Protein chains: 2
Amino acid sequence: MEISVRYPKQPKFFTQRWTPLILRELGAGSHRFSELQQGVPRIPRSLLSQRLNELEDAGDVDRRMDAEGKRPEYHLTTSGQEFFGIVMALGEWGQRWANQDIDPEDVDPDLLMWDMRRRINLDKLPEQRVTVQFDFQGVRQQSFWLMLERSELSVCMFDPGFEIDMIVTADTLTLHKVWMGRTPLQEALRDELITPEGPRALTKAFPSWFALNVFAPIPSAVSQVSTN
Amino acid sequence: MEISVRYPKQPKFFTQRWTPLILRELGAGSHRFSELQQGVPRIPRSLLSQRLNELEDAGDVDRRMDAEGKRPEYHLTTSGQEFFGIVMALGEWGQRWANQDIDPEDVDPDLLMWDMRRRINLDKLPEQRVTVQFDFQGVRQQSFWLMLERSELSVCMFDPGFEIDMIVTADTLTLHKVWMGRTPLQEALRDELITPEGPRALTKAFPSWFALNVFAPIPSAVSQVSTN
DNA sequence: CAGTATCCGATGCGATACTG
DNA sequence: CAGTATCGCATCGGATACTG
């Protein structure tokens, strides 16, 4: 560790790009290579592979075959889990102190959707499958389809062909702000910045199954008004 | 913050080399440019300057003039202090999990002395000034002189000319291991790996004023025996 | 699907020299 | 003492292509 009195040969590791994000995604529950790729979009596959190898060598990630012995899975080891705690602390710090004015270009709809998916409260939804279409407006226009069942949840980046039960339309940046707890969901709904369309029963239930980011409750420590 | 859903233009900051070490040194109580340089040896002055500017721009470090309004001082802001907490958590993690076999080349006598100096318990020393010479043996042979007074403490890298009250001789790596809590001080003294020479009163008091690294009490989580 | 190999361009950093 | 400016090398990582 750099914090120590000695200087390691490789000042690598958490200093390297992507590594903390990969640890975050592992800690959040992704275990397959493809899941990790979704949770850390924009990372080249070659780098994800390389980083996972490094983390395995360092003893922070355990690579093993799944129950059927077919496909590889990645899990945090004890040291990896402890490091994940630090990554979360970084996240909290970011939520408290990070710059408030966000460049819309920096918000990634894919990652936003992937993160939101993880927090969705399936047991607040009806028994039968619900298909929700998300229309992201703004600089990066994009649509997603969520198939929500009690036992399973999947995201598509193309229309799956099922009947659409509900369409949620929102500007990507707005949705990001709500997701991060910077704008109250109720306010955005009231102002029709986020518009759920469909049967009343579903649109009304929307706020109950659409949970926010884990950091959303943490308030910003930066005054919103002044510019210094 | 990278941990969030957005990708900042500059994935900079704590990812950058030296930045966490500078924050550590600031948190440890160094405020002058020259102190920071000593506490973060091997950093080019130009980079230290650059990093301090970046940290100031980010609002994590406050640069101001000292009481006499003569020389600049650097202090952590609130956000900087909170980040310092994370840096300390990184340090703890390192102490628990970092590789046990240390390359002697990686241990920096300058930094070791600078760190030890900070923890010395001055009120466990006699009233009058005590001059202690430290002889570091091993790959990087080097000597230091500590002038210890009740009110002040200074380190020299050359013989200050005062009468030497005590000479402590030790291999640099051994001293590092003791400093990090990996080898008990009493054991190293008993085995004469660390040899304080001088008046009995002083050598006997040595363990009382020579305090270890803050992380020393944290045990390693890595089994020392097995090699996997 | 789950990777690996290679190549090339960007940038980060260390060395050196210079300034108030 | 407390910096800043410049410059060239090394490394890091993104793109692309290929493999079991």
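Worth saying up front: this structure is predicted, and the values here are computed from it rather than measured. Letters A, B, ... are given to chains in the order of the sequence lines, protein chains preceding strands, and every chain is numbered from 1. No hydrogens, no waters, no symmetry mates; every other heavy atom, side chains included, goes into these values.
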Closest non-hydrogen atom pair between Phe136(A) and Pro109(A), with its separation | CD2-CB, 3.8 Å
Provide the closest heavy-atom pair for Phe84(A) versus Gly27(A) in the form atom of the first, atom of the second, distance.
-> CE1-CA, 3.4 Å
Member of Arg140(A), Arg42(A), His176(A) meeting the side chain to side chain donor-acceptor pair (under 3.5 Å) criterion with Asp108(A) |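 With Asp108(A) as partner, Arg140(A), Arg42(A), His176(A) yield a single side chain to side chain donor-acceptor pair (under 3.5 Å), made by Arg42(A).
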Applying the side chain to side chain donor-acceptor pair (under 3.5 Å) test to Ser30(A), which of Arg24(A), Glu25(A), Glu35(A) qualifies?
->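 For Ser30(A), the side chain to side chain donor-acceptor pair (under 3.5 Å) check succeeds only for Glu25(A).
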May I have the distance from [X] (atom [atom1]) to [N] (atom [atom2]), rounded to whole angstrom?
| X | N | atom1 | atom2 | result |
| --- | --- | --- | --- | --- |
| Arg17(A) | dA15(D) | CZ | P | 10 Å |
| Arg42(A) | dG14(D) | CZ | P | 11 Å |
| Leu55(B) | dG3(D) | CG | P | 13 Å |
| Ile22(B) | dG3(D) | CD1 | C1' | 14 Å |
| Leu21(A) | dG14(D) | CG | P | 11 Å |
| Ile43(B) | dG12(C) | CD1 | P | 15 Å |
| Leu47(A) | dA15(D) | CG | C1' | 11 Å |
| Leu48(B) | dG3(D) | CG | P | 8 Å |

State which of [options] makes the closest approach to the side chain of [X].
| X | options | value |
| --- | --- | --- |
| Pro44(A) | dG14(C), dC18(D), dG14(D) | dG14(D) |
| Arg45(A) | dA17(C), dG14(C), dC18(D) | dC18(D) |
| Ser34(A) | dG13(D), dA2(C), dG3(D) | dA2(C) |

For DNA chain C, determine which residues of residues 64-77 of chain A have any heavy atom closer than 4.0 angstrom to one of its atoms, and list them numerically.
-> Arg71(A), Pro72(A), Tyr74(A)
Relative to the ring of Phe206(B), is the ring of Phe134(B) parallel (under 30°), tilted (30 to 60°) or perpendicular (over 60°)?
->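 Plane angle between 30° and 60°, so tilted.
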What is the ring orientation for Phe83(A) with Trp93(B), classed by angle as parallel under 30°, tilted 30 to 60°, or perpendicular over 60°?
->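 Correct class here is perpendicular.
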Reckon Ser46(B) touches a base, only the sugar-phosphate, or nothing at all at heavy-atom distances under 4.0 Å?
-> base
Report yes or no: do Asp110(B) and Gln142(B) form a side-chain donor-acceptor pair below 3.5 Å?
->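 A pair is found: one side chain offers a donor N or O, the other an acceptor, under 3.5 Å apart.
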Could you identify which residues of residues 152-160 of chain A place a heavy atom less than 4.0 Å from some atom of DNA chain D, listed by residue number, or say none?
->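 Nothing qualifies; none.
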Which residues pass the salt bridge (charged side-chain N to carboxylate O under 4.0 Å, His left out) test with Arg117(A), sequence neighbours left out?
-> none
Result of checking Leu76(B), Leu21(B), Val40(B) against Leu26(B) for side-chain contact (heavy atoms from CB on, under 4.5 Å) | Leu76(B)
What pairs meet the ring pair (Phe, Tyr, Trp, His ring centres under 6.0 Å) rule with one or both residues in residues 34-72 of chain B, with sequence neighbours excluded?
-> none
Applying ring pair (Phe, Tyr, Trp, His ring centres under 6.0 Å), which residue pairs with at least one partner in residues 104-127 of chain B are found, sequence neighbours left out?
->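 Listed once each, the pairs would be none.
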Between atom CG of Asp60(A) and atom CD of Glu54(A), what is the distance when rounded to the nearest 0.5 Å?
-> 11.5 Å
Is the phosphate of dC12(D), meaning OP1 or OP2, less than 4.0 Å from a side-chain N or O of Trp18(A)?
-> no
Read 5' to 3' with Watson-Crick or G-U pairs under 3.5 Å, [ ] for crossing pairs and | for partners on another strand, DNA chain C gives ||||||||||||||||||||
